[in-house]
Every structure is written in C-alpha cells, then in structure tokens.
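Below is one structure, written out as structure tokens, with a few remarks after it.
Every chain is numbered from 1 and lettered A, B, ... according to where its sequence line falls, protein lines coming before strand lines. Fair warning: this is a prediction, and the values are worked out from it, not measured in the lab.
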Amino acid sequence: MSNDLSAAVKEICLQHNNDRIYLMDILRKVQVDHGSVSDEAIDAIADAVSIPRVEVESTATFYAFLSKEKKGKIVIRLCNDIIDRLAGVDVVAKAFKEELGVDFGETTADGLITLEYTPCIGMSDQAPAALVNDEVITYLSSDKAREIVRTLKKTGDPKKLVSRLGDGNNASPLVNSMVHNNIRKKGDVIFADYPDGAGLKKALTMSPVEVINEVTNARLRGRGGAGFPAGMKWQFTRAAEDPEKYIICNADEGEPGTFKDRVLLTDYPERLFEGMTIAGYAIGAQQGILYLRAEYAYLSNLLENVLAKKRKDGVLGKAILGKKAFDFDIRIQFGAGAYVCGEETALISSCEGSRGDPKNRPPFPAQKGFMGHPTCVNNVETYVAVVRLIDMGAAWFTSIGSKGSSGTKLLSISGDCHAPGVYEYPFGITIKQLLQDVGAEDAKAVQIGGPSGQMIGKEDFNRTICYDDLATGGSVMIFGADRNILEVADYFMEFFIEESCGYCTPCRVGNVLLKGYLERVMNGQAEEADLEVMKSLARTVKTTSRCGLGQTSPNPILTTLAKFYPEYTKLLKTSKDGFKPSFNIQEVLQESQSITGRKSVHFS
Amino acid sequence: MADNFTFIIDGTEIPARQGQTILKAADEAGIYIPRLCNKDGLEPYGACRVCTVLVNGRPQSACTQPAQPGIIVENDTEELTEMRKQLIEMLFVEGNHFCMFCEKSGNCELQALGYRLGIAAPRFPFMFPQRELDATHPEVFVDRNRCILCGRCVRASRDQDGKNVFQFTGRGIKKRISVNATSRLADTELKSADKAVAACPVGSILKKGVGYAVPIGERIYDHKPIGSDIESKAK
C-alpha cells in the first residue's frame with residue numbers, strides 16, 4: 001500500500017517534470033487524488049523534486065486546501081463569511097452536522113465526506129453557499145443541506161448536486177454550475193458591448209511605449225484595492241534590464257464580499273486574456289500567469305478552452321497577429337486557499353511553489369519578481385479595463401469618472417439589500433445613490449473595501465467611491481438596522497487571524513490580542529482603559545506590519561471605534577470596587593476548585 | 001547614486017555606502033537600532049519588526065531597507081519605543097517564556113531587549129500555547145515554547161551550514177519551526193557546532209550539557225544592556 005502511494009505521488013511529480021516551480025500543482029493533485037498530503041507523500045515529493053522534505057512540508061502546511069490529515073473523498077466547505085452568517089448559515093450548518101453525524105473539521109466514519117468551514121468563496125450575492133469539492137452550491141437552506149448529504153451518500157458524486165444552471169457561461173457545458181452572474185448594472189468600460197480583439201489590434205499598431213503612455217495618460221489605477229497607477233507599474237517593469245519578463249493576473253479574489261472578478265472570469269475571459277496580452281506587448285513579457293484562487297476551480301475548463309481557442313486564432317503564442325518578435329502565452333496557476341496570496345509578493349511566492357509569505361521590498365516585483373525576473377501584477381478588472389481604454393483612447397477614458405479617478409469601478413454589493421450583485425459605476429458615485437439603487441435605504445452601516453477597508457455609518461453616506469475618498473477593490477457589504485456592528489468586526493478579526501501568514505510579529509500576534517480585547521467588550525467585561533489599549537495596539541499592528549494584510553487588519557476595530565463608538569461604550573463596565581472588570585476570579589478559580597473538590601471560602 | 005553618502009538618524013548625520021541597509025549603517029556609526037531577527041552574516045529577514053524606524057515619515061524595517069542619500073530616519077522616539085515594547089510583549093505572551101528557569105537567561109536577546117526597553121511585565125494576557133519539545137538529538141534540544149519565529153536558525157542552517165535542518169510550517173498563530181525529518185531532530189543532519197544552533201537568540205535551540213558553564217551573573221547582558229557593543233563604537 002505505502003509503496004503504491006509513493007509511486008503514485010512520484011508519477012504526479014514526473015508529470016510536472018519533477019520541477020519545484022510546479023509544487024503547488026503537485027500538492028493539489030496529491031491532495032485530490034489521495035485525500036491528504038501525508039508524511040509519506042511529502043517524502044516522495046521531496047525525493048522526486050530534489051528539495052528538502054521540510055521545504056515541501058512548509059508549503060503543504062500553509063494552504064487551507066491542503067492537509068496532512070486524511071480528508072474524505074468529498075469535502076463540503078461551507079462558507080461562513082459574515083454575509084453568509086447574515087443569510088442564515090447557522091441553520092444550514094446545523095442541518096449538515098445532523099445529517100452527516102459529524103462536526104465541522106470531521107470526516108464521516110466511512111471516509112466519504114469531510115465537513116469544513118471556509119472563508120468567503122466569492123458568492124456573497126447568492127449566500128449561503130458552499131463548495132462541494134469543486135462544485136459551487138448556492139442559496140443554501142437547511143432542506144437543501146439535507147438533500148445534498150442524501151444525494152452524496154447515494155451517488156458519491158458532487159456533480160449530481162448541480163440542479164438548475166446559472167446564467168451566461170455558467171450554463172456552458174464547460175462550467176455547468178448553478179452560479180449566477182447577477183450583473184445588475186452595465187457601464188461604458190468593463191461591461192460595455194464591443195467586439196473582442198479591437199483593443200489588441202489597435203495596441204499592435206502602436207509602439208509598446210505608446211501603449212504605456214496611453215495607459216498612463218488615462219490615469220488608470222489598479223482595480224484590486226491598492227490603486228497603484230498601472231502605467232507607472234508597466235513603465236517600471238518595461239524599464240527593468242532583465243529581458244525575461246512576466247505578466248501576472250491576480251485572480252485570487254479573496255477579500256470577503258468581493259465577487260466581481262468571478263463574473264469577469266466567467267463571462268469575459270476573452271477580454272481578460274486580451275488585456276494581459278496587451279500588457280505583455282507593452283512591457284516586453286513573453287509569459288503570462290493567471291493566478292486563480294482554488295475556490296474558482298470550477299471555471300478552469302472554460303478558461304483553458306478560451307486559451308486554447310486564442311492560440312488557435314493566433315492571438316496567443318508565437319508572432320501574435322503576425323507581429324514578428326511578439327510571442328506571448330498564458331498559463332493558469334491555481335492557489336490553494338490563502339487570502340494573503342492576493343498580496344502581490346505573496347502571490348509570486350505561491351507561483352514559485354513556496355509558502356504564500358510576502359517578500360521583502362525592495363526589490364519590487366517590477367525589478368525582481370517571479371523567479372527573480374521583472375514582473376507586473378495587476379488585478380483582473382485592471383486588465384479588462386485596459387482593452388477598452390486602448391480601443392477608445394485615454395481622452396475618452398478620463399472623460400468618465402471623477403477628477404482623480406478615471407473610468408468605472410465594478411462593485412460587488414452584498415448583505416442587507418434587495419438586489420445584491422455586480423454593478424459598474426463611474427467613479428464618484430455616492431453611497432446614498434448606490435444604496436438607493438440596490439434597495440437598501442434603511443442601511444445602518446456599509447463596509448467599503450472588505451474587512452481591510454472601512455465601515456461607515458449614515459453620516460458618511462454622502463461620500464463617494466473613488467481613490468481620493470472611499471477607495472475599494474470592489475467589496476461593498478451592507479448591514480441593516482438590526483445588525484450588531486461589533487459582531488461584524490469580531491468576525492473580520494477572526495478572518496485576519498486565520499489568514500495571517502505568521503511571518504511578522506504584529507500581524508501574527510497582535511490580531512489575536514485585538515480580538516481578545518474586542519471579545520472582552522462584547523462580553524461586558526471591558527472598561528474604558530481597554531479601549532485605549534485596543535487603539536494603541538491597533539496602531540502598532542498597522543504601523544509595524546510587513547505587508548498590506550497586517551497594515552490593514554486592525555481596520556475593523558479602528559473604523560468601528562471611530563464611527564460607532566457608542567456601540568462600544570454602551571457595553572463598558574464601570575468598576576465600583578476598583579477591581580478590573582476584565583478579571584474573572586470565578587473563572588480563574590474553576591480549575592483549582594474542581595481539583596480540590598471544594599469552593600473558595602473567600603470568592604464564592 | 002554616489003557610492004558614499006550621508007543620511008540623518010534622529011538629527012545626527014551619519015555616513016553610509018551604496019547597498020548598505022539603514023541598520024548596518026547605523027551599527028557602523030555606533031547608533032543602536034533594537035532588533036531580534038537580524039543577525040550579522042545572515043540575510044536580512046524583516047520578521048520581528050522590532051527595528052521598525054520611520055524613513056521620511058514612513059515605517060520601514062531598518063534591517064531590510066536600503067540607506068539612501070539624504071533620508072531622514074527616526075529611531076529613538078517615544079512612539080517607536082512604545083511600539084517596540086508592544087512587539088516584545090507580544091513575543092513574550094505568544095510563547096511560554098519563563099526566564100527564571102531558562103538556562104539562556106542573561107544571554108537571551110529577547111530578555112535583554114525587555115530590560116533595555118523597560119518592560120517589567122507584559123501588559124497583554126498570556127496565551128499559554130501548547131507547543132512541542134524535541135529532546136531526541138544527543139547534543140541539542142529544541143523547545144518550541146521559547147521560539148519567537150525569527151527564522152535565524154532557518155537561514156543559518158540553509159546559508160551557512162548548507163543543511164536546511166529548519167523551516168517553518170503552518171501559518172498565522174499556528175506557525176511553528178519544524179525540522180527536516182518526519183518529526184525528530186535526531187533524524188536530521190544537525191550537529192551541535194552548527195551555526196544554526198548558535199543563531200538562536202532565545203532559549204529555543206540549546207546545546208545539551210553546557211547550560212550553566214557560564215554562571216548567572218557573568219553572562220553577556222548581566223552587566224551591560226543589549227546594544228552597548230554597538231553604541232561603544234560611537235565617536
């Protein structure tokens with residue numbers, strides 16, 4: 001048996017040329033085929049790929065979709081993101097537990113089904129949702145959960161769970177999923193009706209430098225959240241001396257509440273790859289990589305098919321559209337469940353087959369990125385915007401949007417509203433207008449930009465979505481009048497704790513401490529001084545963390561403290577006896593009381 | 001860019017060379033910037049964040065940030081000291097550190113930084129994690145209770161010993177140091193004379209049998225605070 005495993009794993013390694021660069025693919029395949037990446041499998045991989053076993057173990061233990069412990073043949077990953085919680089994931093979870101007879105994190109005795117929680121899977125507009133292996137099941141209810149378990153027990157085949165198909169390419173036989181695009185509002189850039197290929201054709205009539213100038217003049221900024229000027233990034237990457245250059249598309253859409261890239265990948269992959277090809281031409285890159293989150297694996301056949309068609313049509317591969325010396329191709333690299341890999345240097349680490357640890361900067365990816373070569377990383381929406389921008393010109397592009405933020409922005413809107421989905425707005429839209437459009441006039445709070453962004457209340461609803469005011473990578477979560485703001489912040493902190501890579505002290509430890517203080521407040525055990533400690537600690541985590549994750553992770557606490565202070569103060573305890581209310585003497589004495597078998601005389 | 005240039009730390013102009021980090025240049029000028037994961041001879045790592053300084057107002061880790069002509073660096077300020085204290089306190093509460101029973105006491109950089117920064121006791125609640133101890137190796141033991149995840153052993157083993165004995169596994173608060181074997185340190189190529197053993201700043205990787213060869217009271221930081229050697233170079 002064990003020799004069989006070792007041989008099978010080595011065969012997988014061989015299929016990947018025993019090349020360390022494909023370690024992520026090797027590990028994913030081993031996990032899927034064998035239900036785990038066991039110690040034995042790790043030894044076999046280390047042997048085949050010729051790297052120390054601890055290196056393999058280091059990568060394998062980093063990602064949520066890989067495990068050393070044996071998982072069931074089928075893994076149900078129920079999304080317990082905040083939006084799913086609002087949508088009643090608790091009753092769904094209870095139904096799964098009862099029907100399976102196991103708790104979360106456990107596997108049925110027959111080894112068939114493992115039940116797990118997972119953070120946002122990019123389906124907040126159709127919550128509650130779950131992944132069953134690669135299949136996405138949306139709009140869950142307790143009845144549906146029971147039915148899913150029965151079907152799986154009977155058929156052992158997650159594909160049998162897909163009942164009604166979604167719209168657009170979701171209904172394509174290559175995708176065959178129940179996911180809905182929920183495109184609610186089309187704008188002039190991303191969702192505009194125009195033929196594929198026009199942008200690339202025009203780009204190839206220009207010089208690479210002219211293309212970059214056009215992007216710069218259009219003042220296109222990164223759509224992933226950080227908003228770095230795209231033209232400048234392209235210029236830096238082009239200017240780097242090393243002739244071997246890479247284009248990477250960040251499709252690791254992991255910010256809770258974001259799902260607009262999912263829609264682009266589903267119904268506009270031609271435009272995405274066209275945008276990446278334009279970038280490849282402008283920068284002088286030969287290879288593009290689409291880093292796709294494992295949660296979107298259900299789109300892989302479709303995406304591979306589009307790439308194959310493009311190669312056939314001569315718009316990918318050698319001498320693209322007859323342009324000599326312009327060779328460019330794109331491959332897909334899957335992630336394996338790690339939010340931090342949305343950070344561009346962590347994403348590069350992951351592409352190299354390592355832990356998703358961010359890298360030290362400098363050097364920046366534009367100088368030394370993927371495998372030490374100049375690399376340009378942009379978001380899905382940025383590349384799609386480029387296609388239209390080049391076709392229509394920079395002047396046209398800057399005529400849309402607001403002064404400092406040109407063009408449109410896709411917003412993924414979810415939570416307490418009538419019409420969750422993807423909306424394309426010109427920059428400068430007010431929150432008030434947006435709430436009206438989605439049917440959420442009575443909203444109490446809006447989380448802009450996901451957990452790493454900010455929470456605002458009614459007094460800020462006249463503010464606008466743009467880089468100079470409320471910047472967002474696209475996530476907009478709406479919370480109605482009855483929602484508990486602190487519970488939301490608490491969930492967000494839980495998310496960051498789970499997703500921290502652990503490289504640096506403040507993010508690894510500070511967030512755990514921050515959540516502890518927040519819980520004190522929620523349990524009515526905090527005093528005013530605790531709020532000051534929280535603020536000070538939050539400042540330290542923000543200031544000293546190494547990457548964007550840690551630098552924004554205290555935002556759920558800081559922004560709710562700033563905008564919803566009374567929600568905190570109403571729970572504070574004033575101490576009459578001078579003792580710290582956070583210190584619970586009964587709890588501390590519990591263990592010794594149970595050992596001695598008698599109650600404390602002084603503290604009863 | 002000129003090969004030799006100057007920049008400012010806390011109002012003092014100091015010389016630097018092209019390619020030097022802020023920390024290196026400061027060391028040579030006799031200015032101590034507190035640090036833990038950085039060690040001479042090892043690749044800068046930027047994990048502990050204790051050496052965070054403000055460079056033209058922006059926070060950067062001095063151990064990884066290149067010195068640049070004319071930059072204004074803030075190091076010894078009240079605000080940064082408070083943050084450094086909090087980072088050290090985080091490391092204390094994250095693990096299980098008991099200085100009074102630890103044979104590294106007096107030679108420990110974490111403890112010494114605690115004293116230097118004036119930490120009497122951590123203000124944060126202790127986490128008391130369950131962590132493993134590995135005493136299988138005849139000459140060396142690894143106590144993960146005292147590990148601060150600085151990665152010095154990882155780099156020393158890989159780059160100086162050429163062995164790759166240590167690497168991190170897991171992530172976030174569950175991240176741990178692991179060894180290049182299924183579980184036992186004894187099954188690795190580690191030798192007690194390896195640089196990786198000497199690289200540990202705390203009592204996590206220790207040689208067996210020599211714990212009290214140097215008595216308490218005669219240890220590195222018993223008489224002079226950490227950083228004194230660097231500061232003694234100041235002109």
Side-chain angles (χ1 to χ4, degrees), chain A residues 38-40 42-43 46 51-64 68 338 340 355-363 496-514 516-517 520 533 536-537 539-547 550-551 582-583, chain B residues 36-37 43-52 54 58-61 63-66 79-80 82-95 123-125 127 148-151 154 157-158 163-183 188:
Chain A
S38 61
D39 274 324
E40 215 180 320
I42 289 172
D43 279 328
I51 54 174
R53 89 175 301 283
V54 76
E55 287 277 324
V56 181
E57 191 181 3
S58 183
T59 301
T61 54
F62 188 86
Y63 297 92
K68 280 181 90 172
V340 70
R355 299 166 62 79
D357 286 339
K359 297 174 187 245
N360 284 316
R361 278 157 297 195
F496 284 127
I497 290 167
E498 201 54 49
E499 297 298 333
S500 166
C501 78
Y503 192 105
C504 74
T505 313
C507 176
R508 182 181 71 240
V509 188
N511 286 323
V512 178
L513 296 172
L514 277 170
Y517 284 107
R520 263 190 208 182
V533 176
S536 167
L537 189 56
R539 206 159 38 235
T540 300
V541 174
K542 262 183 99 77
T543 310
T544 62
S545 282
R546 185 162 165 267
C547 83
Q551 287 157 12
S582 59
F583 184 74
Chain B
L36 266 176
C37 70
E43 189 189 316
Y45 199 56
C48 72
R49 313 310 286 176
V50 173
C51 73
T52 300
L54 296 184
R58 278 181 64 121
Q60 304 281 5
S61 52
C63 70
T64 59
Q65 189 66 18
E79 192 195 6
L80 285 170
E82 170 58 23
M83 290 191 189
R84 287 169 183 162
K85 272 184 171 174
Q86 291 190 13
L87 291 170
I88 297 294
E89 290 171 43
M90 285 182 205
L91 290 170
F92 269 111
V93 301
E94 179 196 23
R123 288 162 287 182
F124 308 132
M127 295 182 187
I148 57 168
L149 305 169
C150 67
V154 175
S157 182
R158 184 190 61 206
K163 287 185 182 176
N164 288 297
V165 169
F166 298 103
Q167 188 49 270
F168 292 115
T169 56
R171 76 177 187 207
I173 198 73
K174 293 176 194 141
K175 183 178 170 177
R176 296 285 181 271
I177 194 76
S178 287
V179 299
N180 192 27
T182 313
S183 68
T188 69

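Interface remark: A/Leu537 contributes backbone and side-chain atoms alike to the contact with chain B (heavy atom separation under 4.5 Å). For a residue to count as touching a neighbouring chain, one of its non-hydrogen atoms must lie under 4.5 Å from one of that chain's; by this rule A/Tyr63 touches chain B with the backbone only. Both the backbone and the side chain of B/Pro125 come within less than 4.5 Å of a heavy atom in chain A. Contacts between B/Ile148 and chain A at a heavy-atom distance below 4.5 Å involve the backbone alone (N, CA, C, O). Of the two parts of B/Arg58, neither the backbone nor the side chain holds a non-hydrogen atom closer than 4.5 Å to a non-hydrogen atom of chain A. Proximity to chain B is absent for every atom of A/Asn511, based on heavy atoms less than 4.5 angstrom apart. Using a 4.5 Å cut-off between heavy atoms, B/Glu89 does not touch chain A at all. Residue A/Arg355 touches chain B through its side chain alone, counting heavy-atom pairs closer than 4.5 Å.
For the pair A/Tyr503 (side chain) and B/Gly46 (backbone), a donor-acceptor distance under 3.5 Å is absent. A donor-acceptor contact shorter than 3.5 Å links the side chain of B/Arg84 to the backbone of B/Val50. Looking only at distances, no side-chain donor or acceptor of A/Arg546 sits under 3.5 Å from a matching main-chain atom of A/Cys504. Using modelled atom types, no side-chain atom of B/Ser61 and backbone atom of B/Arg49 make a donor-acceptor pair closer than 3.5 Å. With hydrogens and angles ignored, the 3.5 Å screen pairs a side-chain donor or acceptor of A/Thr61 with a backbone N or O of B/Gly170.
Comparing A/Ser536, A/Ala64, A/Gly510 by heavy-atom pairs within less than 4.5 Å of chain B, the highest count is held by A/Ser536. When each of A/Asn360, A/Asp357, A/Ile497, A/Val533 is checked for heavy-atom pairs under 4.5 Å with chain B, A/Asn360 comes out on top. Per-residue heavy-atom pair counts under 4.5 Å with chain A were compared for B/Pro66, B/Ser183, B/Ala181, B/Cys37, and the maximum is reached by B/Ala181. Heavy-atom pairs under 4.5 Å with chain B peak, among A/Gly516, A/Ser545, A/Pro506, A/Cys507, at A/Pro506. Per-residue counts of heavy-atom pairs under 4.5 Å with chain A were compared for B/Thr52, B/Ile173, B/Asn180; the largest is that of B/Asn180. For the set A/Val541, A/Ile51, A/Val512, the entry with the most heavy-atom pairs within less than 4.5 Å of chain B is A/Val512.
A salt bridge links B/Arg158 to B/Glu43: one of the charged nitrogens lies within less than 4.0 Å of a carboxylate oxygen.
Under the side-chain contact (heavy atoms from CB on, under 4.5 Å) criterion, A/Ala46 pairs with A/Arg53, A/Val56, not counting sequence neighbours. The side-chain contact (heavy atoms from CB on, under 4.5 Å) check on B/Lys174 picks up A/Glu498, with sequence neighbours excluded.
Atom CD of B/Glu79 has 12 or fewer neighbouring heavy atoms from other residues, nucleotides or ligands inside a 6.0 Å radius.
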